[in-house]
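Bear in mind the structure is a predicted one, so any value in this text is a computation, not a measurement.
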Amino acid sequence: MLRNFIWNTVGQLTYMVCQFLCGIFVVSLAGNQVSGVYNTALTATNIFLSIASYGMYSFQVSDLSKKYSDSAYIRSRVWTCAAASVLCGGFVVVNAFTGENPYSAQQSVCVLLFLGYRMVESFTDIFNAIDQRGGRLDIVGKTYAMRGIVMLASFIATLRLTQDIVLTLALMLAASLAVFFAYSLPQARRLYTPASVVQARVAALLWECAPLAVYSFLNTTTASIPKLMLGRMLGETALGIYGPVTQPVLLLQVGATYLFNPFITVFADSYARRNKRGFWRAVLGVQGVVLALLPVGLFVAAFLGRWGLAAFVSAELADYQYLLAPMVVSAILTALVLFYSMVLTVMRCMKGLIAANACAIVVSALASAPCIARWELQGTTYAAIAAQMVQLLLLGVTALLMARRHFSAAGPLPKPEDPFDGLPS
């Protein structure tokens with residue numbers, strides 16, 4: 001387990017740093033306008049990545065009884081990626097012909113190319129889950145490390161030589177496909193035997209995970225709405241500034257998230273065995289570690305933020321240090337939201353997930369425009385924080401209710417109950 005944890009942590013951190021560097025180098029190599037195009041593609045495709053991934057990763061890893069076969073999970077991903085691609089195509093068409101700042105041809109093509117990269121990422125996740133459930137998180141870590149290094153190398157080399165963001169994203173997509181077929185797929189095939197799948201089983205899997213897909217879409221949309229609103233209200237240049245400044249803080253957020261992903265099976269096992277003490281020790285332990293990162297992040301933002309932006313992002317963006325502290329708070333809240341969402345997934349409390357995220361997206365939609373109009377770039381983060389606080393409160397209360405009911409019951413494990421049962425669907 002220690003070897004797995006180390007490999008997974010190193011690999012995921014490598015991938016995270018490579019993503020961070022792409023967001024940084026796009027500014028220095030091509031300027032704020034191209035950075036705005038890149039960040040628009042990144043933000044827009046986040047929504048469709050959530051549709052393709054269907055919120056299924058934690059569900060698949062915690063499916064310890066193998067209710068659904070690995071082949072069923074793989075087949076389901078083909079359908080979800082196809083649906084996400086069609087919806088993204090419609091999104092691009094709508095944004096190319098409507099609004100105050102319609103997408104240019106360059107921007108539209110970049111969104112579609114980045115979508116292709118995201119679909120490879122989503123398909124890789126299915127095989128990563130097979131690796132993790134098979135006790136081989138080291139393979140997951142190596143996959144992430146290779147994808148990150150190859151992505152960064154192709155991105156920097158192409159953008160530096162051509163200054164063409166379209167060609168850069170096309171080669172980045174090709175490099176990602178190469179890693180998938182050369183390493184991720186062959187490694188995962190050693191851990192499962194491909195089998196024919198009855199379409200009815202795939203349909204049953206998609207139906208059972210549909211609430212997770214709704215949750216994933218709502219959660220990603222909640223985070224994306226303020227950024228998309230910033231681009232619509234203040235233009236690509238404003239988003240091209242906000243995106244790179246956000247990148248260092250995303251290292252904190254994603255790093256916190258990677259701390260608990262390796263322990264999904266631990267949560268699932270202790271919950272299934274009604275090991276109340278072990279379950280709550282794990283929950284409170286992870287929560288404590290994530291919260292401990294908050295003062296560290298605020299300290300770094302206050303005393304090293306200006307230097308960090310000048311040294312690692314752009315000297316022109318050093319004056320935007322004031323954006324960092326609220327971003328740190330938002331990053332920690334996001335990590336906690338993702339953690340409690342994972343806990344509710346292990347509990348199979350789907351209605352609770354949807355209810356919390358539906359409330360959050362309403363807050364995000366209502367708060368974004370007024371906050372940006374009042375505080376401009378800073379208002380983007382304030383709107384996100386407002387939505388995340390509502391989201392986290394509802395997730396935490398739901399998890400507490402669910403756990404109390406579950407651990408107070410006696411006898412063999414029943415079908416997980418949902419504290420929202422009885423409410424209208």
Side-chain angles (χ1 to χ4, degrees), residues 19-20 22-24 26-27 32-51 88 91-92 94-95 99-104 107-108 110-111 114-115 117-118 165 216-254 257 309 313 317 320 322-335 337-338 357 360-391:
Q19 284 186 313
F20 162 73
C22 284
I24 299 307
V26 70
V27 178
N32 287 334
Q33 190 274 332
V34 172
S35 173
V37 172
Y38 173 80
N39 279 282
T40 297
L42 180 68
T43 303
T45 54
N46 276 340
I47 298 173
F48 301 100
L49 174 63
S50 69
I51 296 174
C88 185
F91 171 84
V92 169
V94 169
N95 281 276
E100 297 179 4
N101 296 298
Y103 284 181
S104 63
Q107 200 167 37
S108 298
C110 285
V111 170
F114 210 89
L115 174 74
Y117 175 81
R118 293 295 208 184
I165 188 64
S216 182
F217 174 78
L218 291 176
N219 185 53
T220 305
T221 304
T222 298
S224 298
I225 283 176
K227 297 177 186 178
L228 292 173
M229 186 63 69
L230 175 65
R232 299 289 275 187
M233 292 179 65
L234 302 183
E236 288 180 1
T237 300
L239 188 59
I241 293 171
Y242 185 86
V245 174
T246 307
Q247 293 299 316
V249 182
L250 287 178
L251 291 174
L252 177 67
Q253 173 190 316
V254 180
T257 303
L309 289 176
V313 182
L317 300 180
Y320 292 92
Y322 68 93
L323 295 174
L324 292 175
M327 286 180 177
V328 169
V329 175
S330 179
I332 296 300
L333 288 173
T334 299
V337 163
L338 293 174
N357 283 276
I361 201 171
V362 170
V363 174
S364 181
L366 293 176
S368 292
C371 285
I372 292 170
R374 173 66 177 83
W375 292 289
E376 297 185 342
L377 296 177
Q378 194 72 285
T380 308
T381 310
Y382 290 159
I385 290 175
Q388 289 159 351
M389 291 181 68
V390 171
Q391 193 175 12

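Of all heavy-atom pairs between Leu377 and Ala238, the closest is CD2-O, 3.8 Å. Here the closest heavy-atom approach between residue Cys22 and residue Tyr38 is recorded as CB-OH, 3.6 Å. A pairwise comparison of heavy atoms in Val92 and Ser108 identifies CG1-CB, 3.5 Å as the closest pair. Listed here is the closest heavy atom pair of Thr45 and Val111: CG2-O, 3.4 Å. Counting all heavy atoms, side chain and backbone alike, Met327 lies closest to Val249 at O-CG1, 3.3 Å.
Arg118 places a side-chain heavy atom less than 4.5 Å from the side chain of Leu42. Annotation: side chain of Thr246 is not in contact with side chain of Leu323 (no heavy-atom distance under 4.5 Å).
Heavy-atom contacts from other residues, nucleotides or ligands closer than 6.0 Å to OH of Tyr320 number 12 or fewer.
Sorted by first and then second residue, the side chain to side chain donor-acceptor pair (under 3.5 Å) pairs with a member in residues 372-386 read Tyr242-Thr381; sequence neighbours excluded.
Formation of a donor-acceptor pair under 3.5 Å by the Ser364 side chain with backbone atoms of Thr222 is found in this model. In this structure, Ser104 contributes its side chain and Gln107 its backbone to a donor-acceptor pair below 3.5 Å.
We find the OG1-CZ distance between Thr40 and Phe114 to be 11.5 Å, quoted to the nearest 0.5 Å. Rounding to the nearest 0.5 Å places CG of Asn46 at 11.0 Å from CG of Leu115.
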Full working for side-chain contact (heavy atoms from CB on, under 4.5 Å) between Asn95 and Arg232: CA-CA 10 Å; Asn95 281 276; Arg232 299 289 275 187; 3.4 Å; yes
Asn39 vs Ser35, side-chain hydrogen bond (donor to acceptor under 3.5 Å, both in side chains): CA-CA, chis, key distance, verdict: CA-CA 6 Å; Asn39 279 282; Ser35 173; 3.2 Å; yes
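Looking at residues two or more places apart in sequence or on another chain, you find a side chain to side chain donor-acceptor pair (under 3.5 Å) between Ser330 and Gln388. Tyr117 is linked by a side chain to side chain donor-acceptor pair (under 3.5 Å) to Tyr15, counting only residues two or more places apart in sequence or in another chain.
Of the residues Cys371, Ser368, Ser224, the one that meets the side-chain contact (heavy atoms from CB on, under 4.5 Å) test with Met229 is Ser368.
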